[in-house]
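Within every chain, numbering begins at 1; the chains are lettered A, B, ... in the order of the sequence lines, protein sequences first and strands thereafter.
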Amino acid sequence: MRKIITDPLVLIIAVFAFYPALPYIGNFISLGSELLLWFIFTMSFNLCLGQTGLSSFGHGAFYGLGSYGAAITFLRLSGPGSFLVPILAGVLVGAASAALLGWFIKDKRGVYFAMMTVAFTQVCFGICWRWDEVTGGEAGLSGVSRSTFLGVNVSNPTTYYYVCFVVFIVCAFVIRAITRSCFGLSLQSVRQNYVRSQYLGYNVNLYKFGVYTISGAFAGMAGAMYCLLTQSAFADILDWSKSGDVVMATLLGGGTVSFYGPIVGSLIFIICKNLLSSLWDHWLFIYGMSFVIILCLFPTGLMGVMQKRKKKKA
Amino acid sequence: MPLFSVKNLTKRFGALTATNNITLDVGREGIMAIIGPNGAGKTTFFNLLTGFIKPDDGKIFYKGTDVTGQKPYRIIRHGISRSFQVVSIFEEMTVLDNVRVGVQRNLGLMNKLFLPYHKDRKTTDEAMAVLEHVGLGHMADLPADSIPHGDRKILDLCMALTSKPETLLLDEPMAGLSKAERIRITSVIKNLSLDHKIILVEHDMDLVFSVADVILVLHHGTVLAYDEPDKVSANEEVQSAYLGREVADA
Ligand SMILES: Nc1ncnc2c1ncn2[C@@H]1O[C@H](COP(=O)(O)OP(=O)(O)OP(=O)(O)O)[C@@H](O)[C@H]1O
Ligand SMILES: [Mg+2]
C-alpha cells in the first residue's frame with residue numbers, strides 16, 4: 001500500500017484525475033489533453049534516448065505521421081463516427097515509419113543517428129507540405145470529428161480529456177514496465193556500453209531497431225489522438241522545431257536519469273508555452289535561455305537534482 | 001583438431017600493419033599466453049578472433065568452423081568469450097546488474113518485455129553465484145563505478161563467464177593491479193583453467209611463466225616465436241626484441 005501511495009506515477013495520475021476541476025488551468029481542458037498526449041510522446045522518445053541512448057532528435061516524425069495517418073484514415077476510409085480505427089491507424093503508421101527508418105540507421109551512432117532522424121523528419125515535412133491530393137498540402141487536413149465511442153459521447157472536450165487520461169495511464173504503466181523489464185535491461189546495456197553488450201551476446205543493432213519501432217508506435221498513437229483532439233492535421237507538427245521541443249522538454253525534466261523526466265519536462269514546457277506565450281511573443285527566448293542555464297548547472301535535469309538531494313538525505 | 005586455426009591473417013590500420021600475415025594453430029591443451037611489446041598487435045589479434053574488427057585478409061577457424069567476419073554476438077555462441085584490457089563494464093549499473101545482463105541473455109530471458117529483471121529468481125541466483133565464485137558477492141549492490149580497480153577487473157572477467165564459454169580470451173587481466181590483487185587474480189585464472197581453455201595476453205612475466213603451457217610472442221604484428229615457455233625464454237630473437245629489454249629495465 002505504502003508503495004502505491006509513494007509511487008510518483010500514481011501521484012501524477014491523481015493530480016490529472018482532477019485536472020478539469022483545477023482552478024484557472026482547469027478551464028483550458030484541451031490544454032490538459034495536449035499535456036497528457038505530450039507525456040505519451042516524450043515517454044516514447046525517452047525509451048530511445050534515456051533507455052537505449054538513441055539520439056532520435058527527429059522524433060516528431062512519428063507523432064506527425066501518426067497524426068496524418070489518423071486524419072487520412074478518418075477522411076478516406078473509416079469516415080464519421082469512427083474513433084478507434086483512426087487511432088490504430090496512427091499507431092501502425094508510427095510503428096511502420098519508425099521501423100523503416102530504424103532499419104536503415106540501426107548501425108549508426110551519436111550525431112550520425114541524430115542527423116538521419118532529423119533529415120527523415122524534414123523529408124516527411126516536405127511530403128506533407130507539398131502533396132496536396134493526399135495531405136492537403138499547406139492547408140492541411142480538416143474535417144476530422146469525434147462522435148461516440150463505446151456508447152460514450154467523445155465529442156465533448158471533457159470526455160475526450162478522460163479518454164486521453166485513460167490512454168495515458170495505460171501507456172505510462174506499459175512503458176514503465178518495459179524500462180524495468182529484462183528487455184529494458186538489455187536496452188540499458190546497449191546505452192551504457194554497446195561493445196560489452198555485443199560481447200555478452202546481444203545483437204545491438206537489432207535492439208536499436210526493436211526499441212525504435214516500439215517507440216514509434218507510442219509516438220504514432222499520441223499523434224493520432226492529437227489529430228482527434230484538434231480534429232485536423234497540419235504539416236506544422238512535422239516541423240523540426242517540434243522535435244527539438246521534445247528533446248528540450250525531456251532533457252530539462254531529466255529523462256537521462258529518470259523515467260519521470262519526460263513527464264516533468266513536458267509539464268513545464270507546455271505550461272510555459274501556453275502561459276508565457278500569452279504574455280510575451282518572444283517567450284521562447286526566455287525558455288531557451290533558462291534551458292541552457294539549467295542544463296549547464298544541472299546536466300541531468302530536474303529529476304537529476306531531485307535524485308541527488310534524495311541520496312544526500314539518505 | 002586445433003582450437004583456433006588462423007590462416008594468413010592480416011589487418012592494416014592505414015599504413016600500419018597491426019597483424020601481418022599470421023598463420024598458426026592454437027592447440028587445445030592448457031593455458032596459452034600471448035606476449036609482445038606495446039603495440040605488437042596483441043589486442044588487435046583478440047579483436048580479430050572475436051569478430052570485433054574484420055581482417056583485411058586471411059581466415060579464422062574455430063574448431064574447424066570458419067568464423068571469419070562473424071560479429072562478436074555470433075562468435076560468443078561458439079563458446080568463445082573475452083575480457084578487456086581497459087575495464088569494459090556497465091558503469092551506471094550495480095555490480096549485480098552487470099552480471100545479470102549476461103546471465104539473462106544466457107537464460108534466454110533478454111527479450112522478455114514485461115518480466116521485471118530484478119524479480120527473476122533464476123537470473124539473480126545465477127548472477128550471485130558467479131559473483132560469489134570470484135569473491136565479489138559482498139559488493140553485489142554497489143554501483144559498478146564505485147568499487148576498487150582490482151574488483152572492477154575481476155567484474156570484467158566475471159561478465160565474460162556468464163555465457164558459459166569454453167574458451168576465454170583474457171586481455172591483460174593484471175593491468176594496473178597491486179601485488180596482492182595480482183596474486184588473487186592468478187589463483188582465479190588457475191582455477192578457471194581447470195575447465196576452460198584460456199588464451200591470455202599479459203605483460204606480467206611472473207604470471208606468464210608461472211601459468212602458461214605455451215607462449216606466442218608477437219612483434220610488429222608478426223609471430224616471433226610460438227613455443228613452450230623455456231624454449232621461448234631461450235630464444236635469442238625474443239630476448240633482443242622483448243625479454244631482453246624487460247631484463248634490462250629490471
Ligand atoms: N582501431 C585502430 N585504429 C588505428 N590503429 C589501431 C587501432 N587499433 C590498434 N591500432 C594500432 O595497431 C597497433 C597494435 O595495437 P594493439 O592494441 O593490438 O597493441 P597491443 O599489442 O595490444 O599493445 P598493448 O600492449 O599496448 O596493449 C598499435 O600501433 C595501435 O596504435
Ligand atoms: Mg593491448
Is the number of heavy atoms from other residues, nucleotides or ligands within 6.0 Å of [atom1] ([X]) greater than 12?
| X | atom1 | value |
| --- | --- | --- |
| H133(B) | NE2 | no |
| M115(A) | CE | no |
| K59(B) | NZ | no |
| R121(B) | CZ | no |
| Y112(A) | OH | no |
| F13(B) | CZ | yes |
| K71(B) | NZ | no |

Need one label for [X]: side chain, backbone, both or neither, based on atoms under 4.5 Å from any heavy atom in chain A.
| X | result |
| --- | --- |
| S163(B) | neither |
| R105(B) | both |
| I76(B) | side chain |
| D120(B) | neither |
| T123(B) | neither |
| K112(B) | both |

Any side-chain heavy atom of Y202(A) within less than 4.5 Å of one from V101(B)?
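Sidechains of V101(B) and Y202(A): in contact.
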Between Y73(B) and L200(A), is any pair of side-chain heavy atoms under 4.5 Å apart?
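No, too far: nothing below the 4.5 Å cut-off.
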Starting at [atom1] of [X], measure out to [atom2] of [Y] and round the result to the nearest 0.5 Å.
| X | Y | atom1 | atom2 | answer |
| --- | --- | --- | --- | --- |
| N98(B) | S189(A) | CG | OG | 10.0 Å |
| R74(B) | N203(A) | CZ | CG | 8.5 Å |
| R180(A) | L115(B) | CZ | CG | 13.5 Å |

Evaluate F114(B) against V174(A) for side chain to side chain contact (heavy atoms under 4.5 Å, CB included), listing each step before the verdict.
CA-CA 8 Å; F114(B) 297 109; V174(A) 168; 3.9 Å; yes
Of the backbone (N, CA, C, O) and the side chain (C-beta and beyond), which part of V204(A) lies under 4.5 Å from a heavy atom of chain B, both, or neither?
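No part of V204(A) comes within 4.5 Å of chain B.
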Checking the side chain of [X] only, and the main-chain atoms of [Y] only, is there a donor and an acceptor separated by less than 3.5 Å?
| X | Y | result |
| --- | --- | --- |
| R196(A) | D156(B) | yes |
| S181(A) | L113(B) | yes |
| Q192(A) | E92(B) | yes |
| Q104(B) | C182(A) | yes |

Can you see which heavy atom on N193(A) is nearest to which on I89(B), and at what distance?
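Looks like ND2-O, 3.1 Å.
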How are the rings of Y199(A) and F84(B) set to each other: parallel, tilted or perpendicular (split at 30° and 60°)?
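Judged by the thresholds at 30° and 60°, the geometry between Y199(A) and F84(B) is perpendicular.
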Do you know which of G201(A), A177(A), S186(A) has the most heavy-atom pairs under 4.5 Å to chain B?
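Most heavy-atom pairs under 4.5 Å with chain B: G201(A).
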